[in-house]
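When reading the values below, keep in mind they use all heavy atoms of this one structure, side chains included, and skip hydrogens, waters and symmetry mates.
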Amino acid sequence: FKCLLGSSEEQQKLQRRPQPFVSWVHPYTRHSSASLEPSWLLAWAEEIMHTEASESSEHRVDSLLAQMYVPGGSLGVHRDEDLSWGLGISL
């Protein structure tokens, strides 16, 4: 099993990664786990994006991905590909 599961360090890294909580028109898959559009949340995110980046004024926020982190968890250094405009908020 050890070769299939990887080292304990690799397992710990995987455990610290965020887990999906809810999505609305996921930015990559375009699937939703929510049954109702979170219109107020999308409008709020769009208002923040347009306020902070005026050049985004022609773009809509039409998707949402909420993730949960374990204590001490992190996504790690990464680069999102194939996304135009968006907003990331950590609470």
Among the clusters formed by ILVMFWY side chains lying less than 4.5 Å apart, do [X] and [Y] turn up in the same one?
| X | Y | answer |
| --- | --- | --- |
| Trp24 | Trp40 | yes |
| Leu65 | Leu42 | no |
| Val22 | Val70 | no |

So do Asp62 and Arg30 actually touch side chain to side chain, heavy atoms under 4.5 Å?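 Answer yes - side chains close enough.
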Closer than 3.5 angstrom, by distance alone: can the side chain of [X] be matched with the main-chain N or O of [Y] as a donor-acceptor pair?
| X | Y | value |
| --- | --- | --- |
| Ser56 | Ala53 | yes |
| His59 | Glu46 | no |
| Ser32 | Val25 | yes |

How long is the gap from NE2 on His50 to OG on Ser57, to the nearest 0.5 Å?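 Result: 6.5 Å between the selected atoms.
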How long is the gap from CG on Leu64 to OG on Ser39, to the nearest 0.5 Å?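 The OG atom of Ser39 is 11.5 Å from CG of Leu64, to the nearest 0.5 Å.
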Shortest non-hydrogen contact from Ser63 to Pro27?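 Shortest heavy-atom contact: OG-CG, 3.8 Å.
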Is it the case that over 12 heavy atoms from other parts of the model lie below 6.0 angstrom from the [atom1] atom of [X]?
| X | atom1 | result |
| --- | --- | --- |
| Glu55 | CD | yes |
| Phe21 | CZ | no |
| Glu47 | CD | no |

